[in-house]
Amino acid sequence: MLSVDLNCDMGESFGTWRMGCDAELMKYISSANVACGFHAGDARTMRMTIELAVQNNVAIGAHPGYPDLQGFGRRNMSMSVEEIHDIVLYQISALKGMCEAYGARLNHVKPHGALYNQASGSREISLAIAEAVARADASLILCGLSGSSLIDEAARIGLRTASEAFADRTYRPDGALTPRSEPNALILDVDAAASQAVGLVKSGTVMTTDGTVMAVKADTICVHGDGENAVAFAAAIARAFGDNDIAIHHIS
């Protein structure tokens with residue numbers, strides 16, 4: 001039987017502001033990427049998300065981003081590689097410490113938003129992130145865009161990696177995700193997202209915006225927790241996986 005990890009970015013509430021339906025989403029996923037307080041999340045939300053993950057046997061990952069609460073971490077920032085290393089190490093360490101305090105284990109790291117996208121095309125940023133992960137805990141798995149510099153640099157320094165693909169995003173012919181600022185960057189149809197997810201696992205391919213079919217390695221597939229219909233998307237993808245004899249299992 002084929003198997004794949006189904007991950008979701010979570011724990012993105014802040015103070016009295018609520019984001020996402022984390023408790024519902026936990027029923028369908030195998031990995032949770034938990035915001036660490038820079039782009040979203042706070043100490044209480046981190047703790048509650050850890051507890052939810054433990055209750056649902058979901059693997060816990062750190063989801064570090066740029067210090068950009070107003071922009072939800074989706075705005076590019078100009079930071080030195082030393083600064084990037086430090087903010088990533090800080091965020092991983094915070095979540096790792098909270099996991100250990102509650103008897104849980106941190107499993108992986110997946111950068112968020114603009115940091116993720118900038119790292120995908122920059123070996124320098126990717127290396128800064130990878131070295132921060134290795135310094136925090138060299139047993140952690142680093143998740144990055146399939147075929148990107150982040151995967152290459154992490155593997156080069158000896159980290160385990162997980163190549164990520166997306167059910168609810170479109171792809172450009174060069175393998176990059178279509179920027180959110182452009183039309184049709186998001187897949188809004190539930191069935192289309194589920195079909196794309198199944199294709200990524202069964203054939204290892206995805207159709208790009210120009211109609212060509214591109215090979216994509218998919219160790220883990222993301223469904224975004226901040227989407228308006230995130231629960232419906234996750235449920236549909238989980239059903240489609242079941243219908244196609246694809247097991248959902250966290251990366252390890």
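One-based numbering along the sequence shown.
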With a 4.5 Å limit on heavy-atom distance, are the side chains of [X] and [Y] in contact?
{"X": "P179", "Y": "R172", "result": "yes"}
{"X": "V109", "Y": "V133", "result": "yes"}
{"X": "V223", "Y": "F166", "result": "no"}
{"X": "V4", "Y": "H249", "result": "no"}
{"X": "N33", "Y": "M10", "result": "no"}
{"X": "H63", "Y": "V34", "result": "no"}

Query - Under the side-chain hydrogen bond (donor to acceptor under 3.5 Å, both in side chains) test, residues paired with R169 that sit two or more places apart - result: none
**Report entry** Set of residues satisfying side-chain hydrogen bond (donor to acceptor under 3.5 Å, both in side chains) with respect to D42, sequence neighbours excluded
**Finding:** T45
Under a 4.5 Å side-chain heavy-atom rule over Ile, Leu, Val, Met, Phe, Trp and Tyr, are [X] and [Y] clustered together?
{"X": "L52", "Y": "Y102", "answer": "no"}
{"X": "L115", "Y": "L95", "answer": "yes"}
{"X": "V190", "Y": "I29", "answer": "yes"}
{"X": "V88", "Y": "V81", "answer": "no"}
{"X": "F14", "Y": "I50", "answer": "no"}

Any chance you could measure [X], atom [atom1], to [Y], atom [atom2], to the nearest 0.5 Å?
{"X": "T220", "Y": "K110", "atom1": "OG1", "atom2": "NZ", "result": "7.5 Å"}
{"X": "D219", "Y": "S163", "atom1": "CG", "atom2": "OG", "result": "5.0 Å"}
{"X": "I60", "Y": "N107", "atom1": "CD1", "atom2": "CG", "result": "9.0 Å"}
{"X": "E12", "Y": "M46", "atom1": "CD", "atom2": "CE", "result": "12.5 Å"}
{"X": "I129", "Y": "I92", "atom1": "CD1", "atom2": "CD1", "result": "9.0 Å"}
{"X": "D137", "Y": "K96", "atom1": "CG", "atom2": "NZ", "result": "5.0 Å"}

If only atom types and distance count, is the side chain of [X] paired as donor or acceptor with the main-chain N or O of [Y] below 3.5 Å?
{"X": "S126", "Y": "S122", "answer": "yes"}
{"X": "Q91", "Y": "I87", "answer": "yes"}
{"X": "E83", "Y": "S80", "answer": "yes"}
{"X": "R160", "Y": "S139", "answer": "yes"}
{"X": "D174", "Y": "A176", "answer": "yes"}
{"X": "D22", "Y": "G11", "answer": "yes"}

Report task. Name all residues meeting the salt bridge (Lys or Arg N to Asp or Glu O under 4.0 Å) criterion together with D68; count only those two or more places apart in sequence or in a different chain, and write none if there are none. Result ->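 Partners of D68 under the salt bridge (Lys or Arg N to Asp or Glu O under 4.0 Å) test: R75.
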Indicate the atoms forming the closest heavy-atom contact of [X] with [Y], along with that distance.
{"X": "I237", "Y": "A167", "answer": "CD1-CB, 3.6 Å"}
{"X": "F38", "Y": "G65", "answer": "CB-O, 3.7 Å"}
{"X": "D168", "Y": "C222", "answer": "OD1-O, 3.9 Å"}
{"X": "V231", "Y": "C21", "answer": "CG2-CB, 3.8 Å"}
{"X": "A165", "Y": "V216", "answer": "CB-CG1, 4.0 Å"}
{"X": "L25", "Y": "G225", "answer": "CD1-CA, 3.9 Å"}

Query raised in the report: Is the distance between the ring centroids of F233 and H224 less than 6.0 Å?
Result: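 Not under 6.0 Å, so no.
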**Report entry** Counterpart residues, ring-ring contact (aromatic ring centres under 6.0 Å, His included), relative to H85 (two or more places apart)
**Finding:**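 H85: no ring-ring contact (aromatic ring centres under 6.0 Å, His included) contacts found.
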Requested in this report: Using ring-ring contact (aromatic ring centres under 6.0 Å, His included) as the criterion, list what pairs up with F72, not counting sequence neighbours.
Outcome: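 Listed in chain order: H39, H112.
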Report task. Would you kindly say whether T209 and T170 are connected by a side-chain donor-acceptor distance under 3.5 Å? Result -> no
[X], [atom1]: over 12 other non-hydrogen atoms inside 6.0 angstrom:
{"X": "M48", "atom1": "CE", "value": "no"}
{"X": "R44", "atom1": "CZ", "value": "no"}
{"X": "D210", "atom1": "CG", "value": "yes"}
{"X": "R180", "atom1": "CZ", "value": "yes"}

Throw together a table of side-chain donor-acceptor distances under 3.5 angstrom for residues 140-155, partners on residues two or more places apart or in other chains.
from: S146; atom 1: OG; to: K217; atom 2: N; distance (Å): 3.2
from: S146; atom 1: OG; to: K217; atom 2: O; distance (Å): 2.8
from: S148; atom 1: OG; to: L145; atom 2: O; distance (Å): 2.6
from: S148; atom 1: OG; to: L150; atom 2: N; distance (Å): 3.4
from: E153; atom 1: OE1; to: R156; atom 2: NE; distance (Å): 3.1
from: E153; atom 1: OE1; to: R156; atom 2: NH2; distance (Å): 2.8
from: E153; atom 1: OE2; to: R123; atom 2: NH1; distance (Å): 2.9

Residues clustered with [X], ILVMFWY side-chain links under 4.5 angstrom:
{"X": "L89", "value": "none"}
{"X": "I187", "value": "none"}
{"X": "L186", "value": "L188"}

Report summary line: For residues 168-209, the ring pair (Phe, Tyr, Trp, His ring centres under 6.0 Å) pairs (sequence neighbours left out) are none
Query raised in the report: Under a 4.0 Å N-O cut-off, is there an ion pair linking R47 with E51?
Result: yes
Considering only distance and modelled atom types, tabulate donor-acceptor pairs under 3.5 Å from the side chains of residues 241-248, sequence neighbours left out.
from: N244; atom 1: OD1; to: K202; atom 2: NZ; distance (Å): 3.4
from: N244; atom 1: ND2; to: A240; atom 2: O; distance (Å): 2.8

Requested in this report: Run the numbers on E164 and I221 for side-chain contact (heavy atoms from CB on, under 4.5 Å), then give the verdict.
Outcome: CA-CA 6 Å; E164 184 177 40; I221 292 179; over 6 Å; no
Query raised in the report: Quick one: side chain to side chain contact (heavy atoms under 4.5 Å, CB included) partners of S31, sequence neighbours excluded?
Result: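 So S31 forms a side chain to side chain contact (heavy atoms under 4.5 Å, CB included) with D5, N7, A59, H108, H250, I251.
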